[in-house]
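Every chain is numbered from 1, with letters handed out A, B, ... down the list of sequences. Note that the structure is predicted; figures quoted are calculated from it, not measured.
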Amino acid sequence: MTAKTGLAVMLAAVVGVGAVRSDWSPAAHGKQVQLSFWNGFTGPDGVVMLQLVRRFNEANPDVQVSMQRMDWGTYYNKLMVAVLDGRGPQVFVLQANSLPRMHKAGLMAPVSDCFGPGGISKDDFDPMVLSQVEYGKDTIGVPLDIWPFGLYCNVDMLKKAGLSGPPRDREEFVKAARAMRDGDHWGYALTDYRIVFQSLQPQFGGHYFDAKGRADLVNEGNLATLRFMKSLNDPNDRLVPPPENGLGWMGFRQQKVGMVIDGIYMLGDLMRLNDFHYVGAPVPVIGKVPGTLADSHILCARSGLSQDQRSAALRFIRFLSENSIAWAGAGQVPARRSVRATEAFRKMPVQYAFSQQIPYIHYFPRTVNIFELNQELGLAIEQVIRRRKTPEDALAFANARIQESLDRTGTEAGP
Amino acid sequence: MTYAQRRNLSGYLFLAPYLASFLAFVVLPIVVALGLAFMQFDLTTPSKTHFVGTQNFVEAYRDVRVWDSLKATLSYTALIVPSMVVSALAIALGLHAMARGRNVIRALLFVPGMLNVAVTGILWRWFYNNEFGLFNYLLKRVGLAPIPFLSEKAYAMPSIVLMSLWWTLGGAAVVMLAALQQIPTPVFEAAMLDGANGRRLFSRITFPLLKPVLLFVVVTNTIAGFQVFGQPFMLTNGGPELATRGLVQYIYELAFNQYRLGYGAALSWVLVAIIAAFAFVQFRLMRGGAD
């Protein structure tokens, strides 16, 4: 066989195999709908989500979902540019706090037809969870989960300090923080200042905006929350190590901090550690009433899809929602009540403990200026904790900056 | 076609792939950014994009956060450039004087630079951690008080500069070593025969002959200093109290978190003007001597 003949045979073989393979695939019959699914689940949760996608693909041969994960830090930029350019994924995940901005940009199509007879029952969601995705008459996404912020405790440190369990109120919290203080071990450490503030703020009755949607940070609830956080960093009676962002969680992982307030999404990090005994509990009632911050991952469908794509996308979204018990295994709290009521979920101790707060969770305020709000608020909180500004001055400055950004975008904000 | 024309053509053909990508990915975005700087362009409302003249630049002048971030950028640049030049020169002189092992050390100096900024940042964030970090653990072991490396305004920027030095010093030191090795040995020998001591050899021969390389190191590090982003972003995310948030990070936040592309583009051009002004002054100050 000459070289030319050999090459021709090889080419023919490749083309032949390609033809046969393409004939085998359902796509060749024009039946298979291709869906691209983007999310920011880059940790162990991404592995669980990938398994769910595979299960869906196996159960639905006429649809092929391919999942792409990317870091949340750059996710929204890529998503927004891709969707605005008409090349975005058909299905994607948004955090509830970003919905107002993405809705304003017109990224999502309503998915109201996911609900109702034969679909998902709206009664299976708590009202405050469902309200996150309701914009006028439209429902613009399906909540996949709820991530409440709660209290993580080191069991060994609790026991060593003679404590029977996680603290439930302010008195028990301060007592536990003092009891676990020993050398370079701390009873409590601040994690992200703003997140801690926003977790405690509902307990003191604080709010961000007034009834007219204007910035209203200087209110008694916010001031009381800040005063409490400031008191933790009293140089004469220090209950927390000198503040440093990120320090709290690192100390908790190193088993040098007894308690931290953080999101359920940090559970995945703890699940990888060996010989570390921890429990999850609701945020202690530091203020007047129980309350904590929460957010949700929302399953959304892109606007401008063809009928086939939209139908497949909604089927995929329903599948993820209905199978969210598997998602809970990745360290999440499912949004659906029926899933949370299962025995399997009750056996997930931290998820179950955090989920007990759902009746009194508070979401981020509904505003397109959420980034500006969080940044200015975060700076104000930091200045108060470090004792550079009074709570009144810091909040007043942040308030003016936030109102400026609201004026610029010509928007008002929700509660 | 003459030989000279063919030669020219082949030169352009070799250049073509780079030139095409340079035009597409450098020149075009710069031109687009210049146009955007005079527009109100918000990604959340692209249909409302309109020409606003110099409004973005006026807003930049009035924006207190611009001045804060410019202050942080200047502070970083003012610290990194002299410390880089002095450290790199000292290391290069030391390596030049070594008879053995120079190549091994030169290679080792390059190792940190091979790490990605994210890896370097995470590593040093742990080193610097106030309560549970390596440096303060070592300080406590020898009976010294811990240092709030990243949590106090006074220490945060110097700590970032120290990390940057560790990360990038190798490159500058090797460039200076190469320049040192280019100085002919007979020049030193003649000066020594004339009775010059070590200090005079450095001030009269080494330093003047290194000026072109010093200019290169100063200018490139000044530009890099004004463009600093990764190190503070990874170590402090601009904190404490925005003390380490440089202009590039602020531009990034405006453009990609707040989606204010017009205002972000205007600030980018302000940064370009600042860098150009500094580079021009540095050239003017050092070129005479270097020539």
Side-chain angles (χ1 to χ4, degrees), chain A residues 71 73-74 76-78 80-81 83-85 98 100-107 184-186 189 192-193 240-257 368-372 374-376 378-380 382-383 385-386 388-389 394 397 401 404-405 408-411, chain B residues 40 42-48 55 59 62-65 68 118 121-122 125-126 128-133 136-137 140-141 145-153 155-156 159 233-245 249-250 252-264:
Chain A
D71 186 74
T74 55
Y76 285 108
N77 306 333
K78 291 174 182 169
M80 184 169 256
V81 172
V83 174
L84 290 178
D85 196 39
S98 71
R101 182 163 283 194
M102 299 302 163
H103 180 250
K104 189 181 176 197
L107 261 64
D184 64 348
H185 286 60
W186 292 86
D192 184 295
Y193 317 132
V240 293
E244 180 179 329
N245 254 334
L247 176 141
W249 188 256
M250 187 183 287
F252 186 70
R253 282 181 105 255
Q254 293 183 4
Q255 304 191 44
K256 288 184 174 178
V257 169
V368 296
N369 302 73
I370 189 69
F371 180 83
E372 293 89 327
N374 282 342
Q375 188 169 62
E376 294 299 337
L379 180 61
E382 186 178 3
Q383 288 170 329
I385 292 173
R386 292 177 183 280
R388 305 222 197 276
K389 277 190 178 179
F397 186 81
R401 293 276 305 175
E404 270 176 33
S405 73
R408 177 177 49 76
T409 50
T411 55
Chain B
Q40 184 184 312
D42 189 327
L43 264 187
T44 56
T45 50
S47 57
K48 291 182 182 171
Q55 191 181 303
E59 184 180 345
R62 290 178 181 158
D63 187 347
V64 63
R65 297 283 185 249
D68 289 345
I122 291 169
R125 199 164 60 196
W126 174 65
Y128 279 142
N129 191 288
N130 210 4
E131 284 291 311
F132 315 111
N136 277 338
Y137 168 78
K140 284 180 198 168
R141 286 290 295 248
I147 297 171
F149 291 104
L150 300 179
S151 57
E152 278 300 325
K153 279 182 172 181
Y155 294 100
S159 301
F233 189 73
M234 291 305 300
L235 275 181
T236 60
N237 195 20
E241 297 173 55
L242 301 183
T244 62
R245 184 176 71 172
Q249 187 178 338
Y250 187 44
Y252 169 80
E253 288 173 2
L254 285 168
F256 298 110
N257 290 332
Q258 300 184 27
Y259 302 124
R260 299 184 65 195
L261 294 186
Y263 188 39

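Contact count versus chain B (heavy atoms, under 4.5 Å) is highest, among A:Lys256, A:Arg388, A:Met102, A:Gln254, for A:Arg388. Ranked by heavy-atom pairs under 4.5 Å with chain B, the list A:Val81, A:Leu107, A:Asn77 is led by A:Asn77.
In this structure, chain B has a heavy atom under 4.5 Å from the side chain of A:Gln375, while its backbone stays farther away. Residue B:Asn136: no heavy atom, backbone or side chain, is found under 4.5 Å from chain A. Looking at A:Tyr76, the atoms closer than 4.5 Å to chain B (heavy atoms on both sides) sit in the backbone and in the side chain alike.
Using a 4.0 Å cut-off between charged side-chain N and carboxylate O, A:Arg101 and A:Glu372 make a salt bridge. Using a cutoff of 4.0 Å between basic side-chain nitrogens and carboxylate oxygens, A:Asp71 and A:Lys78 are not scored as salt-bridged.
Shown here is A:Phe397, whose CZ atom has more than 12 heavy atoms of other residues, nucleotides or ligands within 6.0 Å.
Using a 30° and 60° split on the angle between ring planes, B:Tyr252 and B:Phe233 fall in the perpendicular class, above 60°.
With sequence neighbours excluded, the residues that form a side chain to side chain contact (heavy atoms under 4.5 Å, CB included) with B:Ala156 are B:Pro240, B:Thr244.
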